[in-house]
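Report on the structure given below.
As the structure is a prediction and not an experimental result, all values here were calculated from the model. Both ligands and their constituent atoms are indexed starting at 1 by order of listing.
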Amino acid sequence: MKDFTLKSIALQDVRVIRDPIHNYITIDNQVILDLIDTPQFQRLRRIKQLGGTSQAYPGGEHTRFSHSLGVYWIVVEMVSKSVIRNCISDYEFLCAMVAGLLHDLGHGPFSHSFEDIFGDNHELYTVRIIKECPQISRILDRISADMVEDVCRIIEKSHPNSILVSLVSSQLDADRMDYLLRDSYFTGVSYGQFDLARIIRCIRVKDNKLVYKHSGVQAIEDYILARYHMYWQVYFHPVGRSYEIILKSIFKRIKDLYSRNFDFGDIEYLLPFLNGTVTACDYTNLDEAVVLYYFHKFTTCDDAILSDLARRFLDRDLLGYIDIDSEDNAIVDNIKARQKIRGFDVDYYVGIDTQQAVLYHYYGDSHQIGEIEIVKNDRLVSFLEMSEIVGAIVNSKKNKEAHKIYFPK
Ligand code: CA
């Protein structure tokens, strides 16, 4: 694809989207514009970014649609820096933009609980949707017969050009940078804030890798701590987790009832997941609007457990919780026994949740793509060696963990 130029797909009328995080997101080429208009991408308007967390932070109602546009835009801003722009071709730039835009296509409704029960991996589905849905592959095929594969390899982290992979998935990638700023803005907390512009200004390329200038260490430190605090304050909020546990129990109950030939009425869009014949198209038929409609119907179904769980979910009648030590079997047994006496089936009404957020992954000498590297005196040094704060925490080997048990109040 040496002869491809971005100029050949440039829009006469550049489109501008107003965004609360990046102010203006610019679309200047036909491929990105066409991809945004596909039904698969528009579906992301019906998948919320934060799932259960919006139950704790009611402002957090934003969707994967605006997040995906934000990731696309951070990729554009990073690549537009001449240090990167000079080492990648127009075709590679386009592949990176597309990978950033489409990286979350495979998220299911209320993603994580859904994935846990139906065993689907959203990354795998993203790749399947890009390959199998003609509305998308057709747009990429117009540029090159290899483009579908090249975009998927960036998303799967197997692309030979590590710069492209690092832009979309590494410990300092466009995905994480957008979701931290966006989730922080919409939940109303101050934790996820960091200096995106400064980090982008410090990007360098060395040995064909994305690395950072020495003077950017504090900005990166701030970003890593921002992410760590967002995990403990927002993503692991017990109200959000309680909601996820009910959600998981609903999906589990549906699965269990299905194996006993329970009559659900119409659950057409869930059937492929229950009988294990999911196509990429089935996958995109399912969004949160459809699932919420089924939950409404379940509140009056003949199964007492499913109807109660669905009602709890819709009315935010969540489970209570207490903190436990991971080893605390006596307390767990005791709570289960008490809930049994109260008439609750503990398979659906008692859940144990373990939370662990790793501050920073250090891969040692293997120098994997996820590693953040700093250029100092023209030499590459691991970020961990350069950051006193992150280095001290990682070296202390204190990985903060929390365990909670959830049960009806
Ligand atoms: Ca994402």
Side-chain angles (χ1 to χ4, degrees), residues 17 19-22 25 32 35-36 38 40-54 57 60-79 95-116 120-130 136 151-157 159 164-187 191-192 194 196 199-200 210 223-224 226-228 230-231 234-236 240 244 283-284 287-288 357-358 361 369-370:
I17 299 169
D19 178 73
I21 308 306
H22 307 295
I25 292 177
I32 295 295
L35 288 170
I36 291 173
T38 57
Q40 290 77 16
F41 192 77
Q42 291 292 323
R43 165 183 173 270
L44 297 178
R45 292 180 186 271
R46 301 186 296 277
I47 305 281
K48 275 197 249 170
Q49 176 74 11
L50 284 180
T53 306
S54 62
Y57 293 96
E61 292 276 335
H62 55 299
T63 65
R64 296 212 174 256
F65 182 85
S66 60
H67 161 64
S68 299
L69 290 173
V71 175
Y72 149 78
W73 184 241
I74 294 180
V75 169
V76 171
E77 295 225 280
M78 289 168 101
V79 176
C95 286
M97 284 184 224
V98 170
L101 184 76
L102 303 184
H103 80 285
D104 266 354
L105 275 190
H107 272 281
F110 312 108
S111 317
H112 299 293
S113 350
F114 190 81
E115 276 178 35
D116 281 351
D120 301 311
N121 168 307
H122 68 261
E123 222 161 73
L124 200 95
Y125 271 100
T126 295
V127 166
R128 279 192 63 187
I129 291 166
I130 295 171
I136 293 190
V151 167
C152 290
R153 287 197 296 176
I154 296 175
I155 292 170
E156 291 172 319
K157 309 185 221 355
H159 196 286
L164 305 182
V165 176
S166 301
L167 290 166
V168 184
S169 56
S170 62
Q171 294 201 75
L172 190 50
D173 62 18
D175 181 22
R176 291 178 184 198
M177 292 200 273
D178 185 80
Y179 78 62
L180 288 179
L181 294 174
R182 197 168 296 275
D183 296 349
S184 153
Y185 175 88
F186 282 103
T187 54
Y191 308 102
F194 62 93
L196 172 65
I199 290 179
I200 292 178
L210 220 58
Y223 151 88
I224 286 176
R227 181 161 178 272
Y228 190 70
M230 280 297 277
Y231 267 91
V234 176
Y235 306 133
F236 292 162
E244 298 280 334
Y283 199 84
T284 54
D287 58 38
E288 287 172 8
V358 176
H361 282 284
I369 282 167

Carboxylate-amine/guanidinium contact Glu288 Lys48, below 4.0 Å: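 No, no charged N to carboxylate O under 4.0 Å.
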Looking at Asp183 and Arg227, is there a salt bridge between them, counting it only when a charged N and a carboxylate O are closer than 4.0 Å?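 Salt bridge between Arg227 and Asp183, a charged N being under 4.0 Å from a carboxylate O: no.
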Relative to the Ca ion (ligand 1), which of the N, O or S atoms in His67 is the closest?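 That would be atom NE2.
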Metal site the Ca ion (ligand 1): N/O/S of His107 inside 3.0 Å: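 No - counting backbone and side chain alike, His107 has no N, O or S atom under 3.0 Å.
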ring-ring contact (aromatic ring centres under 6.0 Å, His included) involving Phe114 - partner list, sequence neighbours excluded: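 By the ring-ring contact (aromatic ring centres under 6.0 Å, His included) rule, Phe114 matches Phe118, Phe251, Phe273.
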Need one value: angle at the Ca ion (ligand 1), Asp104 atom OD2 versus Asp175 atom OD1, rounded to 10 degrees.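 Between OD2 of Asp104 and OD1 of Asp175, at the Ca ion (ligand 1), the angle is about 150°.
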For Arg128, give me all partners under salt bridge (charged side-chain N to carboxylate O under 4.0 Å, His left out), at least two apart in sequence or on another chain.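 Partners of Arg128 by the salt bridge (charged side-chain N to carboxylate O under 4.0 Å, His left out) criterion, ordered by chain and then number, come out as Glu132.
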